[in-house]
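Reckoned from all heavy atoms, side chains included, excluding hydrogens, waters and symmetry mates. Because the structure is a prediction, the values reported are computed rather than measured.
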Number of protein chains: 2
Amino acid sequence: MSTPDINSWQSVQDEVLRRIHNRIWKPGAQIPNETDLAKEFNCGRTTVNRALRELAESGILERKRKSGTRVALHPVSRAVIAVQIVRREIEERGASYGYALIDRTVDTPPHAVTFAMELAQGEEMLHVRAVHLADGVPYALEDRWICLRTVPQARDYDFAQKSANEWLLENVPYNRATLSILATPASAFEQEYLAVSDKASILHVERATWRDKGPVTFVTISYQPGHRIISTTTS
Amino acid sequence: MSTPDINSWQSVQDEVLRRIHNRIWKPGAQIPNETDLAKEFNCGRTTVNRALRELAESGILERKRKSGTRVALHPVSRAVIAVQIVRREIEERGASYGYALIDRTVDTPPHAVTFAMELAQGEEMLHVRAVHLADGVPYALEDRWICLRTVPQARDYDFAQKSANEWLLENVPYNRATLSILATPASAFEQEYLAVSDKASILHVERATWRDKGPVTFVTISYQPGHRIISTTTS
DNA sequence: TAGTGGTCTAGACCACTGA
DNA sequence: CAGTGGTCTAGACCACTAT
């Protein structure tokens, strides 16, 4: 073999990727089974399995029992976005963080919110709006609905010092979440609190979370115009 | 033990998550080491390792050799976005796909493009613009620069029938990619080809790819207003 | 230096699925 | 039914790092 030693799952992965990139294994083509590859690379089948499993998870290979492993024809690559609290997002940019509560009311959420939370309408929830500042300038708005049935303790917290963003993460664990990204023109509320014109285009991240079967919260983060969400991509 | 049988890595993971959610293991706290957990669950250490490794990859646990495994204090959850060719995106919505080339020129890319591709300015590239249609209606615009040094064969392809999006994926593999999501008001070009007003807010996905050290392409996909990018979230 | 996670191995059995 | 991937196990050694 002209290739360097192949004895770790990482090196197996590298060699497989090399063969795919060099068209030794073409898109759609079947590759040898795990046992044969293990023999060829002189390593255990477990090692080959780990290498191939990760490539299948990242969409480069397609595996099926009995019929074997193929190079994906139309690889669906997976971009990963790190979702974290806004304070950390700001601090990681090297800016100083500020927070201001705008209002906190108990109200009936609009249909868009109950729909995203997979609920019927009519239930009252806690509605919290706030602005996150970077070096004193508005960085993002937070518009959040909290389900008081699942999170009754939110009724006693005023969110004046600590954002709901952070308070929930520290106090209310969740099991399941959805995330949606969209763009809209700046609403009147956004124009006022982000200090932008009605021509501004705003990037929104909407996130709903559940704990077991109970809805926890639905939040929209609206970013200052020009904001980018950057992904750390995999292969 | 009152818990159901724990004998697969999946059930180990479920049990660990249950303990974290129920605050049996609190944020920041250390959990038992792999050997002890294997004993408790009456399974192999390898099984525990796989369960914990995945949780560490998804940001719920933090692991360090010698010092052990802790529940993450500020979990950075990872939202995964599937990036695939626009044709499949449209077909998965149950619409019929259409494609039209707008123009194809050789030109010097603007600074924003060379910057994203990590290049010096001055090099000529192939510039291809096209519209993707869903049921005959503009769905997204593709504005693409292709590096002719890395992909010389693009000079001979006209992109009249098949989009660059698809042609590149089938013919030019890449190793590395970046992805960026942003919102802007509709440009004159977007207003014309997406048939929207100057008040429209457009969601863009920018993607640059490289093969080994060579830049392959930089593309901006501009979606029809109202488009959402939806994530399949983990844990 | 010692404790922890990271990985490899050989062998085994199971689950799925195409022929 | 038979071939393939999916997983588990016990044991081993290695790599990193707190002390």
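With salt bridges taken as basic N to acidic carboxylate O contacts below 4.0 Å, none links B/Arg93 and B/Glu89. Remark: B/Arg88 does not engage B/Glu91 in a salt bridge, criterion side-chain N to carboxylate O under 4.0 Å. Salt bridge A/Glu206/B/Arg228: present, at least one basic N to carboxylate O contact under 4.0 Å.
In this structure, A/Asn49 does not reach the D/dG5 phosphate: none of its side-chain N or O atoms is under 4.0 Å from OP1 or OP2. Note on B/Thr47: a side-chain N or O is less than 4.0 Å away from OP1 or OP2 of D/dT9. Under 4.0 angstrom from either OP1 or OP2 of D/dG5 there lies at least one side-chain N or O belonging to A/Thr69. Close to C/dT4, at under 4.0 Å from its OP1 or OP2, lies a side-chain N or O of B/Asn33.
Atom CG of B/Leu52 and atom P of C/dT4 are 14 Å apart (whole Å). Rounded to whole Å, the distance from CD on A/Glu54 to P on D/dT7 is 13 Å. For B/Gln13 and D/dG6, the CD to P distance is 17 Å, given to the nearest whole Å. Going from atom CD of A/Glu57 over to atom C1' of D/dT7 covers 14 Å, rounded to whole Å. For the pair A/Leu55 CG and D/dG5 P, the interatomic distance rounds to 14 Å; values are reported in whole Å. Between A/Leu37 atom CG and D/dG6 atom P there is a gap of 13 Å when expressed in whole angstrom units. One atom, CD of A/Glu34, and another, C1' of C/dC13, lie 15 Å apart when rounded to the nearest Å. Whole-Å rounding puts the A/Lys66 NZ to C/dG18 P distance at 9 Å.
In this structure, A/Tyr99 has its ring center under 6.0 Å from that of A/His132.
With DNA chain C read from its 5' end, the first of the two nearest nucleotides for A/Arg50 and B/Gln30 is the one closest to B/Gln30. Between B/Arg45 and A/Arg65, the one whose closest nucleotide on DNA chain C sits nearer the 5' end is B/Arg45.
Of the candidate nucleotides C/dT7, C/dG18, D/dG5, C/dT7 has the atom lying nearest to any side-chain atom of A/Trp9.
Heavy atoms of A/Thr35 sit nowhere under 4.0 angstrom from any nucleic acid atom.
Judged by distance alone, the side chain of B/Glu142 and the main-chain N or O of B/Val131 form no donor-acceptor pair under 3.5 Å.
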